[in-house]
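The shown structure was predicted, so the numbers you read here are calculated from the model rather than taken from an experiment.
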Amino acid sequence: MVEMHTARSRDVAVAAPIGMVSLAPNTWTEPFWIAAGQHQLVVQRCVSCGAVRHPPGPFCPTCRTQESEWMDLSGRATLYSFTVIRHALAPHLREYLPMVIAVVEPEEAPNARLVANLVEVDTQDVVIGMPLEVVWEDAGDGLAVYRFRPADETARA
């Protein structure tokens with residue numbers, strides 16, 4: 001487990017405060033958040049055509065069937081897109097800057113996209129295509145939030 005709110009230099013990306021996390025799971029997203037609470041990253045996969053999707057939903061966007069299953073992911077991903085937030089919308093959020101909001105592509109599910117904070121990285125070093133790995137922050141009551149950080153290259157072999 002990684003401590004998300006430690007002392008840092010001005011350019012190291014940090015996570016949004018866990019108090020900002022407010023979930024309202026529904027029939028389609030609840031299995032995702034149950035898995036996350038166990039530090040397991042999953043995506044929904046169509047039983048009929050095998051297409052993966054995230055966020056989860058009732059219909060496969062490829063073949064329009066409703067049958068789906070949950071596919072376990074390793075937590076390895078590639079940075080697909082990102083933005084760096086340097087200005088707080090509210091004064092109490094200043095201590096959580098800079099913040100990198102990332103869109104990541106899971107290694108086993110290249111058509112799925114996950115949105116998360118990118119942490120433990122200098123904002124100057126963030127580049128599209130960089131390898132990432134998931135880290136978890138527990139939020140109590142069986143809830144955990146996923147974040148991503150730069151991957152250890154030796155773990156990707």
Side-chain angles (χ1 to χ4, degrees), residues 1-6 12-85 96 98-123 125-157:
M1 175 66 127
V2 173
E3 178 59 42
M4 298 293 172
H5 305 289
T6 59
V12 175
V14 297
I18 201 70
M20 288 182 65
V21 176
S22 176
L23 300 177
N26 61 32
T27 301
W28 303 107
T29 62
E30 186 174 36
F32 176 84
W33 291 111
I34 289 171
Q38 300 167 1
H39 295 190
Q40 179 59 50
L41 198 57
V42 298
V43 291
Q44 198 176 33
R45 177 173 48 195
C46 177
V47 172
S48 179
C49 74
V52 295
R53 60 187 181 266
H54 190 82
F59 293 96
C60 173
T62 304
C63 71
R64 305 301 296 162
T65 62
Q66 287 188 291
E67 294 181 58
S68 66
E69 61 188 2
W70 291 92
M71 178 177 134
D72 289 337
L73 301 175
S74 65
R76 292 184 304 272
T78 301
L79 183 60
Y80 182 82
S81 185
F82 71 96
T83 190
V84 179
I85 300 171
Y96 297 99
M99 185 185 306
V100 178
I101 305 299
V103 178
V104 306
E105 181 177 87
E107 186 174 271
E108 304 86 357
N111 293 324
R113 302 288 185 267
L114 304 174
V115 177
N117 285 130
L118 186 58
V119 296
E120 299 178 35
V121 63
D122 189 302
T123 59
D125 296 334
V126 178
V127 293
I128 291 176
M130 70 188 302
L132 305 171
E133 64 187 7
V134 71
V135 291
W136 297 95
E137 184 173 3
D138 290 319
D141 296 328
L143 173 65
V145 177
Y146 63 94
R147 320 282 193 187
F148 283 87
R149 68 179 174 201
D152 175 5
E153 287 295 322
T154 59
R156 294 182 72 87

Hey, mind stepping through Asn117 and Ile101 against side chain to side chain contact (heavy atoms under 4.5 Å, CB included) and telling me if it holds? CA-CA 5 Å; Asn117 285 130; Ile101 305 299; 3.4 Å; yes
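- Side-chain contact between Pro55 and Trp28: absent, with no pair of heavy atoms (C-beta onward) separated by less than 4.5 Å.
- Counting heavy atoms from C-beta on, the side chains of Glu133 and Arg149 come closer than 4.5 Å.
- Atom CD of Glu69 has more than 12 neighbouring heavy atoms from other residues, nucleotides or ligands inside a 6.0 Å radius.
- For the pair Cys46/Thr62, no side-chain contact is recorded, criterion being any heavy-atom separation below 4.5 Å from C-beta on.
- Aromatic ring pairs are classed by plane angle as parallel below 30°, tilted from 30° to 60° and perpendicular above 60°; the pair His39 and Trp136 is parallel.
- Other residues, nucleotides and ligands place no more than 12 heavy atoms under 6.0 Å from the CD atom of Glu67.
- At most 12 non-hydrogen atoms from other residues, nucleotides or ligands lie less than 6.0 angstrom from OH of Tyr80.
- Contact annotation: the side chain of Leu132 never approaches that of Thr78 to less than 4.5 Å [non-hydrogen atoms, C-beta and beyond].
- Across all their heavy atoms, Val119 and Pro150 have their closest contact at O-CD, 3.5 Å.
- The nearest pair of heavy atoms linking His54 to Arg113 is CD2-O, 3.5 Å.
- Closest of all the heavy-atom pairs between Glu105 and Pro110 is OE2-O, 2.9 Å.
- Residues Leu79 and Val127 are not in side-chain contact: their nearest non-hydrogen atoms beyond the backbone lie 4.5 Å or more apart.
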May I have the step-by-step check of side chain to side chain contact (heavy atoms under 4.5 Å, CB included) for Thr123 and Val100, ending in yes or no? CA-CA 7 Å; Thr123 59; Val100 178; 4.0 Å; yes
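- Ring geometry, Phe32 versus Tyr146: the interplanar angle exceeds 60°, so the pair is classed perpendicular (tilted spans 30 to 60°).
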Apply the test side chain to side chain contact (heavy atoms under 4.5 Å, CB included) to residues Phe148 and Leu41: give CA-CA distance (whole Å), side-chain angles for both, the deciding distance (0.1 Å), then the verdict. CA-CA 11 Å; Phe148 283 87; Leu41 198 57; 3.8 Å; yes
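- The closest donor-acceptor contact from the side chain of Asp138 to the backbone of Gly140 lies at 3.5 Å or more, if one exists at all.
- To the nearest 0.5 Å, atom CG of residue Leu143 and atom CD1 of residue Ile34 are 11.5 Å apart.
- From Phe82, atom CZ reaches atom CG of Leu118 across 8.5 Å, with rounding to the nearest 0.5 Å.
- In this structure, Cys49 and Cys60 have side chains that are in contact, with non-hydrogen atoms separated by less than 4.5 Å.
- Among all heavy-atom pairs drawn from Gln44 and Gly57, the shortest one is OE1-N, 2.8 Å.
- The shortest non-hydrogen separation linking Ser74 to Glu107 is OG-OE2, 4.3 Å.
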Is there a side chain to side chain contact (heavy atoms under 4.5 Å, CB included) between Arg147 and Glu120 once you walk through the steps? CA-CA 10 Å; Arg147 320 282 193 187; Glu120 299 178 35; over 6 Å; no
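- For the pair Leu114 and Val103, the minimum side-chain heavy-atom distance is 4.5 Å or more.
- The closest donor-acceptor contact from the side chain of Gln40 to the backbone of Leu73 lies under 3.5 Å.
- Inter-residue side-chain proximity for Arg53 and Pro61 is flagged as met; some heavy-atom pair is nearer than 4.5 Å.
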